[in-house]
Amino acid sequence: MGKSLFIAEKPSVAQEFAKALKINGARKDGYLESETAIVTWCVGHLVTMSYPEKYDIKYKRWSLDTLPFLPETFLYEVIPSVEKQFQIVSNLLNREDVSTIYVCTDSGREGEYIYRLVAMMAGVREKEQKRVWIDSQTEEEIIRGIREAKDLSAYDNLSASAYLRAKEDYLMGINFSRLLTLKYGNAVSSYLGTNYQAISVGRVMTCVLGMVVRREREIRAFVKTPFYRVVGILCAAERDFEGEWRGVEGSRYYQSPKLYKENGFKKKEDAEALVKILSANPPLEAVIEKLEKKKENKNPPLLYNLAELQNECSRFFKISPDETLKIVQELYEKKLVTYPRTDARVLSSAVAKEIRKNIQGLLNYSTGKPYAEEILAGSLYQNLTKTRYVNDKQITDHYAIIPTGQGMNALASLHTSAAKVYEIIVRRFLSIFYPPAVYQKVSITSVTEKERLFSSFKILLSEGYLKVAGNTFGKNQTGEQTADQEFLETLKTLKKGSVLQIKAYQIKEGETSPPKRYTSGSMILAMENAGQLIEDEELRAQIKGSGIGTSATRAEILKKLMTIRYLALNKKTQVITPTLLGEMIFDVVNASIRSLLNPELTASWEKGLTYVAEGQITSDEYMAKLENFIKSRTDGVLGLRNQLALRQYFDAAAIYYEKPSKERAGRTGRKR
């Protein structure tokens with residue numbers, strides 16, 4: 001009987017497989033071997049797509065005459081820096097005594113692609129190949145993955161989508177970057193006073209650049225509008241509270257052109273006129289016209305997927321998305337959490353049935369221990385499968401990120417940021433076993449001089465899951481007046497017809513706010529939702545589909561845009577802004593291949609890859625559409641003669657930055 005070969009994506013993962021398999025054999029150069037099994041590893045990618053000059057030397061020189069570049073057959077090559085490990089893996093894959101190959105690369109599209117390229121270049125033939133698909137690196141999960149490994153062919157559609165994703169990024173990047181550089185590079189470099197300027201274009205990164213530049217220009221174009229609110233200071237049982245005036249039906253100002261909105265005037269003198277009317281006949285009193293009381297439950301939020309975790313880490317800890325991914329990958333490799341590159345925010349029913357083990361393990365984590373004890377003592381986990389936190393239909397490759405309950409020995413070695421990230425994952429996980437937070441909402445409408453004052457309160461009756469989430473995640477963000485339990489008792493004495501004293505009226509000045517700049521975290525969420533920044537998690541769950549990029553690639557795309565200086569990141573605030581170069585590239589693309597800036601179109605390409613992975617469309621169908629897109633857009637740009645016209649757009653952006661060249665020495669600096 002032949003040996004089994006296990007091939008992992010990196011050495012550290014291979015070591016975990018060797019431990020789980022109890023392989024105590026000799027360590028060789030690039031692999032471990034026992035009497036029955038061999039464990040080896042890649043070091044990330046070992047194989048890559050060849051540059052165009054490998055097809056024909058004529059492609060080495062960038063020329064409009066050689067575009068579009070659309071090869072019939074794609075060429076691949078071993079990456080020189082890792083050629084030694086490739087040869088080791090290739091020899092093992094083809095060893096005569098190896099009968100079964102277990103593919104143990106990361107359980108996702110990119111991990112699939114890494115192995116398929118190696119197998120293709122190594123010329124693997126007539127070997128049984130099985131795919132190990134795991135959700136954590138705990139020993140029991142590794143053993144389960146090996147035991148339940150499916151034939152590699154079951155993942156052929158996923159492999160096809162991986163090849164297509166690479167071909168798409170390769171073809172769009174090469175064709176459009178060369179095309180726009182040759183067409184507009186001189187216009188950009190001469191404006192900036194540089195010798196040369198390549199224009200880097202990508203399916204996803206150009207779309208993200210467009211989102212940031214558009215937002216920046218919306219902010220610049222925004223004109224603040226002041227408005228003036230009238231607020232009455234009401235009193236009940238010696239407790240003061242506010243009543244906001246609104247120009248609703250029945251008011252002397254109903255639908256008046258003097259109003260900015262129903263609760264604010266455009267001019268201060270009009271607000272002052274209303275205050276004069278309302279203060280004319282003391283004693284000042286208001287009668288309660290309507291009083292509504294209702295309880296509101298707030299459920300624990302859904303579990304973390306990578307995008308949600310990256311957003312929270314950006315918001316709370318000012319950690320960038322790529323740093324968050326590195327941290328959670330470290331936690332995964334230390335067996336502390338489950339697979340990080342996931343889009344799902346729920347658990348599978350199979351995992352939910354065994355969830356007691358995860359909770360039990362957290363008894364060894366001091367921060368989680370008191371809550372884990374409470375959950376276990378009350379068997380609060382028993383009906384988990386019937387909740388919204390378990391849904392097999394919402395899981396494609398992996399379930400949400402949760403603590404495994406294992407790897408506790410690694411806790412002491414975690415740096416501060418990693419410890420914080422682990423803590424919020426644990427808290428989010430434990431919170432789903434607790435009841436909702438319960439609020440008492442009270443709304444009061446009172447009438448004085450035909451005008452109505454509106455008051456609303458939200459009182460926390462039962463903290464429920466907020467006990468676990470802590471103050472960081474339990475802040476009141478509703479914009480309503482908060483009230484304590486004592487004041488709730490005061491409110492209970494009120495009823496329709498009760499008379500309230502009005503101590504005074506105040507005019508509160510406000511102004512409209514411009515759109516917010518993206519932060520690194522909010523950009524990840526916007527990418528996940530095809531360009532829409534949806535902060536409400538319930539709504540996000542409802543409209544979820546294929547976004548821009550994937551959970552595994554979004555952070556790297558943002559990082560690349562910073563590296564090539566199209567975007568700038570404030571590390572303290574994690575706020576993202578464009579650079580002058582980034583704005584100029586935006587204007588170039590907007591004047592040439594505008595559709596690359598369209599989030600919906602970019603998301604539709606990603607959706608197409610999902611369809612290929614699901615077997616709904618073929619690779620040939622996808623490839624035909626891709627080639628047609630590249631050819632038609634290339635032909636369109638070749639026919640343009642708009643280089644000189646771009647200068648007006650460059651000028652419009654440049655006034656917001658320091659002078660980009662000696663020519664404009666008199667221009668003002670940045671006006672952020």
Side-chain angles (χ1 to χ4, degrees), residues 48-77 164-210 213 560-561 563-566 579-598 601-602 605 622-651 653 660-661:
T48 188
M49 301 180 81
S50 297
Y51 284 108
E53 53 263 34
K54 292 295 177 74
Y55 294 80
D56 192 316
I57 194 62
K58 71 178 182 181
Y59 292 118
K60 187 167 186 176
R61 179 177 173 273
W62 288 27
S63 169
L64 293 175
D65 296 335
T66 58
L67 298 177
F69 169 64
L70 297 168
E72 290 185 13
T73 304
F74 288 83
L75 302 181
Y76 299 85
E77 60 192 67
L164 284 170
R165 193 276 310 158
K167 290 174 182 176
E168 180 176 63
D169 287 348
Y170 176 83
L171 291 178
M172 283 196 185
I174 286 173
N175 281 288
F176 294 153
S177 295
R178 290 187 174 198
L179 176 66
L180 298 189
T181 299
L182 292 166
K183 192 83 174 179
Y184 302 103
N186 284 340
V188 175
S189 62
S190 64
Y191 191 87
L192 293 173
T194 57
N195 294 328
Y196 174 78
Q197 182 61 56
I199 295 177
S200 186
V201 181
R203 171 179 63 100
V204 178
M205 63 179 249
T206 302
C207 176
V208 173
L209 172 66
V213 172
K560 182 177 180 181
L561 284 163
T563 302
I564 62 177
R565 301 181 187 279
Y566 287 6
T579 62
L580 175 58
L581 175 59
E583 291 207 44
M584 292 170 70
I585 300 302
F586 171 89
D587 287 323
V588 166
V589 177
N590 196 46
S592 55
I593 314 175
R594 185 174 297 175
S595 53
L596 285 178
L597 299 166
N598 185 337
L601 178 70
T602 306
W605 285 111
Y622 190 95
M623 202 66 196
K625 288 182 178 178
L626 174 61
E627 290 186 347
N628 181 63
F629 178 81
I630 291 171
K631 189 175 187 310
S632 64
R633 297 309 186 276
T634 302
D635 290 345
V637 173
L638 290 173
L640 293 172
R641 298 288 181 272
N642 60 350
Q643 292 94 323
L644 293 177
L646 285 170
R647 188 176 183 90
Q648 62 181 309
Y649 301 109
F650 296 169
D651 281 342
S661 75

Below 4.5 Å, heavy atoms only, C-beta onward: do [X] and [Y] meet side chain to side chain?
X: Tyr191; Y: Asp651; value: yes
X: Tyr566; Y: Thr206; value: no
X: Leu581; Y: Ile564; value: no
X: Phe176; Y: Ile630; value: yes
X: Tyr170; Y: Pro52; value: yes
X: Leu179; Y: Leu638; value: yes

State, to 0.1 Å, how close [X] and [Y] come at their nearest heavy-atom pair, and which atoms those are.
X: Arg178; Y: Arg61; answer: NH1-O, 4.4 Å
X: Pro71; Y: Leu171; answer: CD-CD2, 3.9 Å
X: Ser592; Y: Leu180; answer: OG-CD2, 3.5 Å

* To do: Any chance you could lay out the side-chain contact (heavy atoms from CB on, under 4.5 Å) test for Ile174 and Tyr51, step after step, and finish with the verdict?
  => CA-CA 9 Å; Ile174 286 173; Tyr51 284 108; 5.7 Å; no
* Asked: When you look at Met172 and Val201, which way does the side-chain contact (heavy atoms from CB on, under 4.5 Å) test go after all the steps?
  -> CA-CA 8 Å; Met172 283 196 185; Val201 181; over 6 Å; no
* **Val208/Lys560 under side-chain contact (heavy atoms from CB on, under 4.5 Å): CA gap, chis, key distance, verdict** => CA-CA 11 Å; Val208 173; Lys560 182 177 180 181; over 6 Å; no
* Just jot down the side-chain hydrogen bond (donor to acceptor under 3.5 Å, both in side chains) partners of Arg203, sequence neighbours excluded, or say none. => Glu168, Asp169, Glu606
* Pair Tyr184-Asn642, side-chain contact (heavy atoms from CB on, under 4.5 Å): steps then yes or no -> CA-CA 9 Å; Tyr184 302 103; Asn642 60 350; 2.7 Å; yes
* With sequence neighbours excluded, what pairs up with Glu53 under the salt bridge (Lys or Arg N to Asp or Glu O under 4.0 Å) test? -> none
Where the side chain of [X] meets the backbone of [Y], is there a donor-acceptor pair that is under 3.5 Å apart?
X: Asn590; Y: Phe586; value: no
X: Lys167; Y: Met623; value: no
X: Tyr55; Y: Leu75; value: yes

